Amino acid sequence: MDPSLDMWDFSSLISLWINRFYIYLGFAFGFSLWICFQIVIRKQNKNSQEKTVPKASRDLMTNGYISLQKKEVFVSGVKIFYGSQTGKAKGFATVLAEAVSSLDLPVAVINLKEYDPDDHLVEEVTSKNVSAFLVATYTDGRPTESAEWFCRWLEEAANDFRFGKTYLKGVRYAVFGLGNSAYVSHFNKVGKNVDKWLWMLGAHRVMSRGEGDCNVVKSKHGSIEADFTAWKARFISRLQALCKGERKPCGGNCKKGKCESNQHGSEAMEPRSHAQEGFHQRDAEEEPFGSTSEEESGTEDHQSLKSVIDVEDLGKIMDRMKKEKREKEQQEGETSLIRSTVKNEAGERRAMITPALREALTKQGYQLIGSHSGVKLCRWTKSMLRGRGGCYKHTFYGIESHRCMETTPSLACANKCVFCWRHHTNPVGTEWRWKMDQAEMILKEAIENHQNVMKQFRGVPGVREERFEEGMTVKHCALSLVGEPIMYPEINKFLKLLHERKISSFLVTNAQFPAEIRNLKPVTQLYVSVDASTKESLKKIDRPLFKDFWQRFLDSLKALAAKQQRTVYRLTLVKAWNVDELQAYAKLVSLGNPDFIEVKGVTYCGESSASSLTMANVPWHEEVVRFVCELVDLIPDYEIACEHEHSNCLLIAHKKENSSFPSASEEVYIQHISKE
């Protein structure tokens, strides 16, 4: 082997070892160039793909691969729960379901009577549904029969520590209550309670509670139907916002490009449930059980909770707060002034008869007069026109039914009796708050409408010509059609006009207006309805609006005793309700000392969702006779005077009546009134 070759290999190795750092640097530089080259190539490929791939597909590309993401669903459906007694809430639920269906959302209408919250309500936590509760308030602020179990369960759960404050965390809900503000102490109580209990269990209120009011005087929109329509519009609008992923409606005060309602891009991807969003805002709600919500909170207030206030700005803030307070006080003063002005000006008051009420009463055969009166032809009038029998007033007092006009100057009433033969279609109230028509106009149109209906019987087979001619001249007016005629502020003037026309008057009152009874001018015959003899049964049967209904009832009977005119107790017997109170009835008779007592079995007017009465509650005539005989034994100054079996009615008269009033004809009544 050549020694020189060995020497070269050895020297080469030494040289490489000495220059190894340069070699490493060369390799690193080359590797860096290769990496840069690869990056440039990939970028060019990506740009070329973006030019050829559609925009919709590009949006789905992430980190070099295409992910087939599903569209985010914010509202999967709507469930509408209702608790109804008269069918009103059920009807509203159907209307709301139709409106929700127009948004292409699945919707279910559920009767709370058929719903078990113990098994199914917790399912709404993860369902992404929005639940709407339409609940009515029934007697004494209690829920309706269909919603009774649901409300009881909800109340117990809300107050049971084992459920906790996050049991319904994730449930989104809205509440609309149905009630009557005439019952001040428990107006919409059920709706308020359902709202409160759901909130206590951690559910998230998506919008403010709606309150429908049957009292047209105080209804915010004029009727309960209009109240619901307004709430429904807000609910649908809020639902549309929720479907877009908006957590809070824009208040219009947000900075450009930073509106929270539009920020559901990156935030929507965060693993944060709707329930967490709701609880994040719950602390900002001032009144958890009221009608406030994130919808009604200003954006400015929302931002101020998270912002830091500079000490130098405190003075400006305090000045602004004082200014706002002064403006608010001034506005409230103007509002109260306007309200007082409205109260003083009758022309500004609402009409008692709303369009919906007018339609309902017209279908029932009423001839409506002005804004609060009505007249209707009695079936006994038609009977006597044909030469048949008359009503019990003809048998008892000689009133000719074909010459009798049944009317009322006030369709409103202060009771909601279970046996109301108008099925509670008339308005209710405890005082006169409506626009008032003049007495002259009411009487004139009442007679004209009565005569116009009578004219339809001219020439009808069976109608006697002489009876028809007599019937065209009204000789008697029964102020007992419906409602509480004594509520009409000009009732005395109306009665005076009747008597000037030689028309006798029978006026019926429900014993809730003692002052009006005392101030009432003499009528031909004054009736007081005595539907029960104890506080408990009166509350159950008449369902009065007044809190002090029992004292008013007793004071009305005392006021009746002081009247120097013919007075009558009208007892309506409801089997299994008030037929076992003989001793108590006898005490009430001694309190009012009426001239007559009419005892009548209740008339069944058909099935009604507003009443639980059935034919089983109608006493047989023999039972009414037995009751009267037993009652007369307890009141020795009275005796049975007459009977009208067809009307299931008996008359008890005071023994003094035989000498005081020798005849029971309407002419004698009018002469008696003239003497007074």
Side-chain angles (χ1 to χ4, degrees), residues 365 375-408 421 446-447 450-451 453-454 457 460 462-482 485 495 498-499 501-508 523-529 565-573 594-603 621 624-625 628 638-654 657-658 660-673:
V375 64
K376 187 179 182 183
L377 201 65
C378 175
R379 71 180 184 93
W380 289 108
T381 301
K382 305 172 187 176
S383 174
M384 212 161 188
L385 283 173
R386 291 182 168 89
R388 301 171 185 170
C391 72
Y392 69 90
K393 288 192 286 288
H394 177 256
T395 305
F396 293 172
Y397 314 112
I399 300 298
E400 296 178 302
S401 301
H402 66 296
R403 307 181 76 179
C404 175
M405 176 179 69
E406 193 173 21
T407 186
T408 181
W421 57 320
I447 294 175
H450 176 79
Q451 290 174 338
V453 178
M454 289 284 290
F457 290 88
V460 173
V463 173
R464 297 185 178 182
E465 184 63 27
E466 68 278 6
R467 290 283 178 89
F468 176 81
E469 294 299 333
E470 290 175 351
M472 291 301 293
T473 303
V474 177
K475 296 295 292 180
H476 178 73
C477 180
L479 294 167
S480 60
L481 178 61
V482 70
L495 292 169
L498 281 174
H499 299 153
R501 290 173 176 254
K502 302 300 181 183
I503 300 175
S504 58
S505 55
F506 277 17
L507 187 146
V508 181
V523 296
T524 307
Q525 195 150 287
L526 178 59
Y527 283 77
V528 169
S529 295
Q565 60 181 84
R566 296 183 70 169
T567 56
V568 185
Y569 274 11
R570 173 178 285 179
L571 274 62
T572 302
L573 299 184
D595 299 310
F596 298 104
I597 303 172
E598 293 179 4
V599 184
K600 186 178 186 296
V602 68
T603 301
H621 186 64
V624 177
V625 172
V628 169
Y638 292 83
E639 60 185 0
I640 299 176
C642 202
E643 176 185 13
H644 193 265
E645 186 173 356
H646 190 100
S647 298
N648 199 10
C649 184
L650 278 83
L651 178 68
I652 303 173
H654 199 288
E657 286 304 301
N658 292 331
S660 301
F661 296 93
S663 174
S665 68
E666 60 185 44
E667 296 296 335
V668 173
Y669 290 158
I670 296 175
Q671 292 174 11
H672 174 65
I673 293 297

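One is the number of the first residue; the rest follow in order along the sequence. Not measured: the values here are computed from a predicted model.
Contact detail for L495 and V523: the closest heavy-atom pair is CD1-CG1, 3.2 Å. Pairing each heavy atom of T567 with each of P594, the nearest pair is OG1-CA, 3.4 Å. Contact record, L650 with F396: C-CZ, 3.9 Å, taken as the closest heavy-atom pair. Between S504 and H476 the shortest heavy-atom distance is OG-ND1, 2.6 Å. Nearest heavy-atom pair, V375 versus E406, reported as atom, atom and distance to 0.1 Å: CG2-O, 3.2 Å. Smallest separation of non-hydrogen atoms from C404 and A478: SG-CB, 4.1 Å.
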Candidate pair I652 and V628, rule side chain to side chain contact (heavy atoms under 4.5 Å, CB included), full reasoning: CA-CA 8 Å; I652 303 173; V628 169; 3.6 Å; yes
S505 vs H499, side chain to side chain contact (heavy atoms under 4.5 Å, CB included): CA-CA, chis, key distance, verdict: CA-CA 8 Å; S505 55; H499 299 153; 2.8 Å; yes
Trace of the side chain to side chain contact (heavy atoms under 4.5 Å, CB included) decision for L526 with V568: CA-CA 6 Å; L526 178 59; V568 185; over 6 Å; no
Check against side chain to side chain contact (heavy atoms under 4.5 Å, CB included), M454 and T381: CA-CA 9 Å; M454 289 284 290; T381 301; 3.9 Å; yes
Criterion ring-ring contact (aromatic ring centres under 6.0 Å, His included) on F506 and Y527, from CA distance to verdict: CA-CA 7 Å; F506 277 17; Y527 283 77; 5.6 Å; yes
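Although no hydrogens or angles enter the test, the distance criterion places no donor-acceptor pair under 3.5 Å between the side chain of S480 and the main chain of V508. Under a 3.5 Å cut-off, the side chain of Y392 and the backbone N or O of L651 do not form any donor-acceptor pair. Formation of a donor-acceptor pair under 3.5 Å by the T408 side chain with backbone atoms of V482 is found in this model. Side-chain atoms of S383 come within 3.5 Å of backbone N or O of G389 as a donor-acceptor pair. In terms of modelled atom types and a separation under 3.5 Å, the side chain of Q451 and the main chain of M472 share a donor-acceptor contact.
For Y569, the ring-ring contact (aromatic ring centres under 6.0 Å, His included) test picks out no residue, with sequence neighbours left out. Applying the side-chain hydrogen bond (donor to acceptor under 3.5 Å, both in side chains) rule to K600 yields the partners T603; only residues at least two apart in sequence or on another chain are considered. Contacts of H402 classified as side-chain hydrogen bond (donor to acceptor under 3.5 Å, both in side chains), with partners at least two apart in sequence or in another chain: E470. For E469, the salt bridge (charged side-chain N to carboxylate O under 4.0 Å, His left out) partners at least two apart in sequence or on another chain are R458. Not a single salt bridge (charged side-chain N to carboxylate O under 4.0 Å, His left out) links R467 to another residue, sequence neighbours left out. Residues that satisfy the ring-ring contact (aromatic ring centres under 6.0 Å, His included) test with H644, not counting sequence neighbours, are W380.
Side-chain contact between T407 and C477 is present, with heavy atoms from C-beta onward closer than 4.5 Å.
Considering CD of Q525 and CD of Q565, their distance stands at 9.5 Å, rounded to 0.5 Å. Interatomic distance, K475 NZ to M405 CE, rounded to the nearest 0.5 Å: 12.5 Å.
Looking at L507, V474, I503, T524 one by one, the single match for side-chain contact (heavy atoms from CB on, under 4.5 Å) with L498 turns out to be I503.
At a cut-off of 3.5 Å, with distance as the only test, a side-chain donor of H621 or N648 sits close to an acceptor on the other residue.
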